[in-house]
Amino acid sequence: MSQYQAVKGTRDIFPEEAAQWKYVEGIVHSLASLYGFSEIRTPVFEYTELFQRGIGATTDIVGKEMFTFQPDPKGRSLTLRPEMTAGVMRAAIQKNLLSLAPVHKLYYISELFRKERPQAGRQRQFSQFGAELIGVSSPAAVAEVMTLMMQVFESLGLHGLKLRVNTLGDTADRLRYREALQGYFAPYHSVLDEASKERLEKNPLRILDSKNPAVQEIVAGAPKLYDYLHEVAVRDFEKVLFYLEERGIAYEIDHRLVRGLDYYCYTAFEVTSSELGAQDAIGGGGRYDGLARELGSSSEVPASGFAVGMERLLMTMEKQGLFAALNPHGPVVYVVVQSQELADNGLQVAYRLRKAGIMTDIDLAARSMKAQMREANRIRASYALFIGTTEVETGLYSLKNLVTSEQTTLSLEGVMEILREPAAKEFYKL
RNA sequence: GUGAUUGUAGCUCAGUUGGUUAGAGCGCCAGGUUGUGGCCCUGGAGGCCGGGGGUUCGAGUCCCCUCAUUCACCCCA
């Protein structure tokens, strides 16, 4: 038991797992650009007000999950970003991106921080990849970000994911619905749990996805948001569904789907994985036309986007055995010295091989020859190159193929020629 | 923030109603093979039994506190 442990809710990613991350990130980068999105990187912390305004002061994220600190007694309060959208929108407004072009398509893979109690699929530092389509607001735009997200899942080989969609209408729709909801729940006030009562006042829509069975029973008879939508919102939603169907993307309409961040309007969606346990949301998003205004933009900046939890994505992939084919490859050749007197000769040879572009490794711990061979085996080197007194004297080296156990003697130039051959490199990708 | 769970070797875990020098498998190191890996055999290193206090002749084992872990609530990706 070491004295220092990783901070609660954080963890280390070691090489084997890092390879999985690199693989997934690679797919994200290539599909995002396939869809015309460019990468954006924003600061890890922002002024606290940004999140209070952007996400909503009554949300749990802002109310009790932020890592907030004061840089100095006079400084403004700062917060480690708990999500990306507010920061990306802030950057877009600050740079006045929309004056350069009417539409901007941005994506990111970033670390986020939320002060929650850790559990399966939930850490205090976690990462998301996501995309934001800024400048247009249309069913086609929402459908585009949804399609990108679903194609990432598909390309990674994920199966059994469930996409649920809903529409939240516009602000006026929600205001009318909100009143109707409060009216409906008023008689049940004494039956509701504390959390639900609080929601009813601050953010009545959230009561819809309460997990409390007693509350759900009452919710079943509640008025439907869908019935309070104006016609434009209904049309909008139907068009989004049309695009999904046209692209063969399976979905489920869930009128009780309410997202936890205040800035969503019209289409909202969420993807869940049955492999994940309690924290089963792997991704989600929607349209957020009102966010820019909330952040002080002088003009309307309609937008939509999504975010996917990287850890949850990786977890699901692991459960579905999607990393089985991912074979981290070792060096092509491992240089083995007969005795430590020849260590420097070995290092020189290794250097020359590396300069020649051949993946090479060598023991640095003055270990026995047997240990060196074991190491070569452990890291899956395909060849071992022996350096002994004979080799140093004659300049001819013994190269052993560790798979076939064949061994040949040749000059260093000859060795390089063999190791540079595609066949030698290909071996690793098996 | 609330509830439950688990802390014993680098890792995964045994450890009986409290009883003397705390074990296994894997991994690591060395030897068997004085210039050759994987398999096998032999040996070795490695433990404040999470930390503190208490009960007892005696605590890894019982009690209290504390720290950490994990899962769930909550919330969300």
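We name chains A, B, ... by the order of the sequence lines, and we start the count at 1 in each one.
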K.L.:
Side chain of A:Arg117 only, please: which of B:rG31, B:rU2, B:rU36 is the nearest?
P.N.:
B:rU2

K.L.:
B:rA68, OP1 or OP2 - any side-chain N/O from A:Gln5 closer than 4.0 Å?
P.N.:
no

K.L.:
Apply the test side-chain contact (heavy atoms from CB on, under 4.5 Å) to residues A:Val165 and A:Leu241: give CA-CA distance (whole Å), side-chain angles for both, the deciding distance (0.1 Å), then the verdict.
P.N.:
CA-CA 9 Å; A:Val165 294; A:Leu241 301 182; 3.7 Å; yes

K.L.:
Taking the same atom, C1', in B:rG35 and in B:rG25, what whole-Å distance lies between them?
P.N.:
34 Å

K.L.:
Send over the distance from A:Ile61 CD1 to B:rG1 C1', rounded to a whole Å.
P.N.:
17 Å

K.L.:
Would you mind telling me which of B:rA30, B:rA77, B:rG35 lies closest to the side-chain atoms of A:Ser368?
P.N.:
B:rA30

K.L.:
Does B:rU69 have OP1 or OP2 under 4.0 Å away from a side-chain N or O of A:Lys8?
P.N.:
yes

K.L.:
With a 3.5 angstrom cut-off on both distances, give the Watson-Crick or G-U wobble partner of B:rA24, or none if there isn't one.
P.N.:
B:rU12

K.L.:
Need to verify one output field. Residue with the more 5' nearest nucleotide on RNA chain B, A:Gly9 or A:Arg367?
P.N.:
A:Arg367

K.L.:
Roughly how many Å apart are B:rC49 and B:rA9, using the P atom of each and rounding to a whole number?
P.N.:
9 Å

K.L.:
Partner of B:rC39 by Watson-Crick or G-U wobble geometry, both contacts under 3.5 Å, or none?
P.N.:
none

K.L.:
Using only heavy-atom distances, decide whether a donor-acceptor pair under 3.5 angstrom links the side-chain of A:Ser405 to the base of B:rG38.
P.N.:
yes

K.L.:
side-chain hydrogen bond (donor to acceptor under 3.5 Å, both in side chains) with A:Glu111: which of A:Gln128, A:Gln125, A:Arg81?
P.N.:
A:Gln125

K.L.:
Whether A:Ser398 contacts B:rU36 is assessed here as follows: a side-chain N or O lying under 4.0 Å from the phosphate OP1 or OP2. Is that the case?
P.N.:
no

K.L.:
Considering only the C1' atoms, how many Å lie between B:rC64 and B:rG27, rounded to the nearest integer?
P.N.:
38 Å

K.L.:
Does B:rG38 have OP1 or OP2 under 4.0 Å away from a side-chain N or O of A:Arg378?
P.N.:
no

K.L.:
When rounded to the nearest Å, what value does the distance between C1' atoms of B:rC28 and B:rG47 take?
P.N.:
16 Å

K.L.:
Kindly point out which of B:rG35, B:rG37, B:rA77 is positioned nearest to the side chain of A:Thr389?
P.N.:
B:rG35

K.L.:
For atom CD of A:Glu179, is the number of surrounding heavy atoms from other residues, nucleotides or ligands below 6.0 Å larger than 12?
P.N.:
no

K.L.:
Tell me, yes or no, whether the heavy-atom count around A:Phe45 atom CZ, taken from other residues, nucleotides or ligands under 6.0 Å, exceeds 12.
P.N.:
no

K.L.:
Could you measure between the two C1' atoms, the one in B:rA68 and the one in B:rC62, and give it in whole Å?
P.N.:
22 Å

K.L.:
Could you tell me whether the side chain of A:Glu116 has a donor or acceptor atom within less than 3.5 Å of a complementary atom in the base of B:rC73?
P.N.:
no

K.L.:
Measure from the side-chain heavy atoms of A:Lys64 and tell me the nearest of B:rU69, B:rU36, B:rC74.
P.N.:
B:rC74

K.L.:
Please determine, for the side chain of A:Glu391, which listed nucleotide (B:rG35, B:rC71, B:rC74) has the closest atom?
P.N.:
B:rG35

K.L.:
For A:Phe126 and B:rA77, is the gap between ring centres under 5.5 Å while the planes differ by less than 30°?
P.N.:
yes

